[in-house]
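Take a look at the structure below.
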Protein chains: 2
Amino acid sequence: MTAGERKDKGTKKRTWKVGELAKATGTSVRTLHWYDEIGLLSPSDHSRAGYRLYGEGDVARLQQILSLRQLGLSLDEIRDLLARPDVSPLSIVRMHITRLQEQMELTRKLLGRLEALASWMAASERVSADELLKTIEVMNMFDKYYTKEQLAELEARRQAFGEEAMQAVQEEWPALIAKVRAEMEKGTPPEDPAVQALAGRWAELIEMFTGGNPGIRQSLENLYKNEPGFAAQQGYDPALYDYVNRAQAARKGGSSA
Amino acid sequence: MTAGERKDKGTKKRTWKVGELAKATGTSVRTLHWYDEIGLLSPSDHSRAGYRLYGEGDVARLQQILSLRQLGLSLDEIRDLLARPDVSPLSIVRMHITRLQEQMELTRKLLGRLEALASWMAASERVSADELLKTIEVMNMFDKYYTKEQLAELEARRQAFGEEAMQAVQEEWPALIAKVRAEMEKGTPPEDPAVQALAGRWAELIEMFTGGNPGIRQSLENLYKNEPGFAAQQGYDPALYDYVNRAQAARKGGSSA
DNA sequence: CTTGACCCTCACGTCGCGTGAGGGCCTAGA
DNA sequence: TCTAGGCCCTCACGCGACGTGAGGGTCAAG
């Protein structure tokens, strides 16, 4: 059927033809053609007949492009941004998240106004111009996007504050996991002060890692819980998970009593 | 200062010049010019010098236009829709509300995916193409709007079901309010069976009126509470509000015990 | 060997404005 | 009374991000 799906399973990477990628993502073929033409997303390979063949890397780039587009950037700006080495895929996703959260707030506000408007209209048919004006103003706030400068500054600040901390965290994880595993395999009980200290540090690292954002924290937990391959790669398994959990429970119970 | 604000206060209606309206609503002057040029929103008056002067009716129409635009309709479609007599301002606001609620759902979904993505990226740098594809798909669902046919059908169904009921409700309100007021002024206690019956009908009418939507219900209450002019117009006042509330409390307490 | 579903490359069309250019109107202050 | 600056007007061209064919190759199924 779809060429890239069956051919050379395992040896060669999966590829998509334009139509396939378009269908899978909900974009149009024309859009992909266009992105190719302006040099924004050119497929990393072509068949002998000249068909575009998109690889996994291309898919990743497409995601970044579409995220940035939802941030309101022009395709030119997006191309420039993606060329900069200091803009990581992760930072893009985070900007996108921030933007969506703001939009939710805005939507809530607008919904409030519209519901009030609906009440007025249902009851009296005549609505004050002021009420209307304010409502319109909120509506129009939806297409006020960030400029690329604002985004750059926003991301720069985040980096200045958090990125090096993040880096440090990333490097500390394997060591911490190893230490905990050692205690576990020695049979040290979770209530032991040594384990308690490790569990404390564990909580701190998670806090730093997620930036205190409960949404990120939740999905990080899900990630470890539901993707065994991922967890294993980090030297992590259910037994360890359980051990740390018990240590943390003990820590809370002990300190509060 | 702004001409329309001070001149003939009370005698003539308030008007806005393009720049004023643009500033007040967050739209651009060019956009208003454009809407005029294509016959979508032409100011109801002009100054001797040829300045566009927008009145309250124009503001109301602008709100409808912008609501419909957020529904994804083209300006042509909007013009056609606004020309139809069966499309009321209220129906437009309700369609807008529905759309925004759907968007909130979508946004929540996408946020979930992006947070998962962020976790993956922060931890492993390598993300599965499938995950990315699904995320992209959700992103692209944001610009899939309704067609005007879908909207028409949606609104038609609502009308078939609810509009005549709505009409009936609208006509029943004054009578019901009058009856309750009569009882109140006679000094009938809220627990009296006659008042209880009226309170029951009262609750039913509100239910039908708001379509069971708690958001609308809430803002309707706020409307009556915070806008004395509005309430008075409906033959309604705080004393009556209190009386009905007590009757309803008695009704619930009595039936559940 | 055909058929039909893809794919390719031009190339022109569209929508909703942005952005001047060139020129009146109008009121505040010198 | 004059003038400066901030509005307003009408053209009119430009543009971003594709949509929509036209004309023609490709390729697996029957």
Side-chain angles (χ1 to χ4, degrees), chain A residues 1-7 15-43 45-54 62 65-66 68-80 139-140 142-145 147-148, chain B residues 1-7 15-43 45-54 62 65-66 68-80 139-140 142-145 147-148:
Chain A
M1 298 272 162
T2 45
E5 225 168 322
R6 292 285 173 93
K7 248 181 186 170
T15 61
W16 291 260
K17 289 190 284 184
V18 263
E20 289 168 359
L21 187 56
K23 203 172 291 179
T25 60
T27 53
S28 74
V29 170
R30 178 62 174 117
T31 295
L32 293 173
H33 280 177
W34 177 245
Y35 288 174
D36 187 4
E37 192 173 337
I38 65 172
L40 179 58
L41 176 66
S42 297
D45 202 3
H46 288 82
S47 78
R48 254 167 304 123
Y51 287 18
R52 290 170 180 81
L53 295 177
Y54 294 86
L62 180 56
I65 291 170
L66 296 179
L68 290 171
R69 206 189 49 170
Q70 282 214 346
L71 287 171
L73 299 185
S74 75
L75 299 185
D76 279 18
E77 291 170 329
I78 292 175
R79 197 179 29 200
D80 294 356
M139 283 189 210
N140 278 318
F142 276 84
D143 15 59
K144 310 291 183 208
Y145 295 111
T147 68
K148 60 177 186 295
Chain B
M1 296 274 155
T2 45
E5 228 167 319
R6 291 285 173 94
K7 248 180 186 171
T15 61
W16 291 260
K17 289 190 286 184
V18 265
E20 290 168 358
L21 187 56
K23 202 172 290 177
T25 59
T27 52
S28 73
V29 170
R30 179 63 175 114
T31 296
L32 293 173
H33 279 177
W34 177 245
Y35 289 175
D36 188 4
E37 192 173 337
I38 65 170
L40 180 57
L41 177 66
S42 297
D45 202 3
H46 288 81
S47 78
R48 253 168 306 121
Y51 287 18
R52 291 170 179 80
L53 296 177
Y54 294 86
L62 180 57
I65 291 170
L66 296 179
L68 290 171
R69 206 189 49 173
Q70 281 212 348
L71 287 170
L73 300 186
S74 75
L75 299 185
D76 278 18
E77 291 170 330
I78 292 177
R79 196 179 27 199
D80 294 357
M139 282 189 213
N140 278 316
F142 276 85
D143 14 62
K144 310 290 183 210
Y145 294 110
T147 67
K148 59 178 186 294

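Values in this document were obtained by computation on a predicted structure and should not be read as measured data. Residue numbers start from 1 in every chain, and the chains themselves are labelled A, B, ... in the order their sequence lines are given, proteins ahead of strands.
- For A/Arg48 and C/dC7, the shortest distance from a side-chain N or O to OP1 or OP2 is not below 4.0 Å.
- From A/Asp45, atom CG reaches atom CH2 of A/Trp16 across 13.0 Å, with rounding to the nearest 0.5 Å.
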Provide a list of protein-nucleic acid N or O atom pairs under 3.5 angstrom, restricted to nucleotides 23-25 of chain C.
from, atom 1, to, atom 2, distance (Å)
C/dG24, N2, B/Tyr51, OH, 3.2

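- Residues that satisfy the side-chain contact (heavy atoms from CB on, under 4.5 Å) test with A/His33, not counting sequence neighbours, are A/Val18, A/Val29, A/Arg30, A/Arg52.
- Between the CG atom of A/Leu21 and the CG atom of A/Leu41 there is a distance of 8.0 Å, given to the nearest 0.5 Å.
- Straight-line distance from the CG atom of A/Leu68 to the C1' atom of D/dA17: 16 Å, rounded to whole Å.
- Proximity of B/Arg69 to the phosphate of C/dC17: a side-chain N or O atom is located under 4.0 Å from OP1 or OP2.
- Judged as a side-chain contact (heavy atoms from CB on, under 4.5 Å), and not counting sequence neighbours, the contacts of B/Tyr51 are B/Lys17, B/Ser47, B/Ala49.
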In sequence, state the C-alpha distance, the side-chain angles, and the governing distance for B/Arg69 and A/Asp143, and then conclude on side-chain contact (heavy atoms from CB on, under 4.5 Å). CA-CA 12 Å; B/Arg69 206 189 49 173; A/Asp143 15 59; 3.7 Å; yes
For nucleotides 2-5 of chain D, which of its nitrogen or oxygen atoms have a protein nitrogen or oxygen under 3.5 Å away, and what is each distance?
none

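- Among the atoms of the strands shown, none is found under 4.0 Å from any heavy atom of B/Ser47.
- The stretch residues 28-38 of chain B touches DNA chain C through B/Ser28, B/Arg30, B/Thr31, B/Trp34, B/Tyr35, each having a heavy atom within less than 4.0 Å of the strand.
- Under the side-chain contact (heavy atoms from CB on, under 4.5 Å) criterion, B/Asp76 pairs with B/Ser74, B/Arg79, not counting sequence neighbours.
- Considering only residues two or more places apart in sequence or on other chains, B/Ser42 meets the side-chain contact (heavy atoms from CB on, under 4.5 Å) condition with B/Asp36.
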Under the criterion side-chain contact (heavy atoms from CB on, under 4.5 Å), I'd like the reasoning laid out for B/Leu66 against A/Met139: C-alpha separation, chi angles, the key distance, then a yes or no. CA-CA 7 Å; B/Leu66 296 179; A/Met139 283 189 210; 3.7 Å; yes
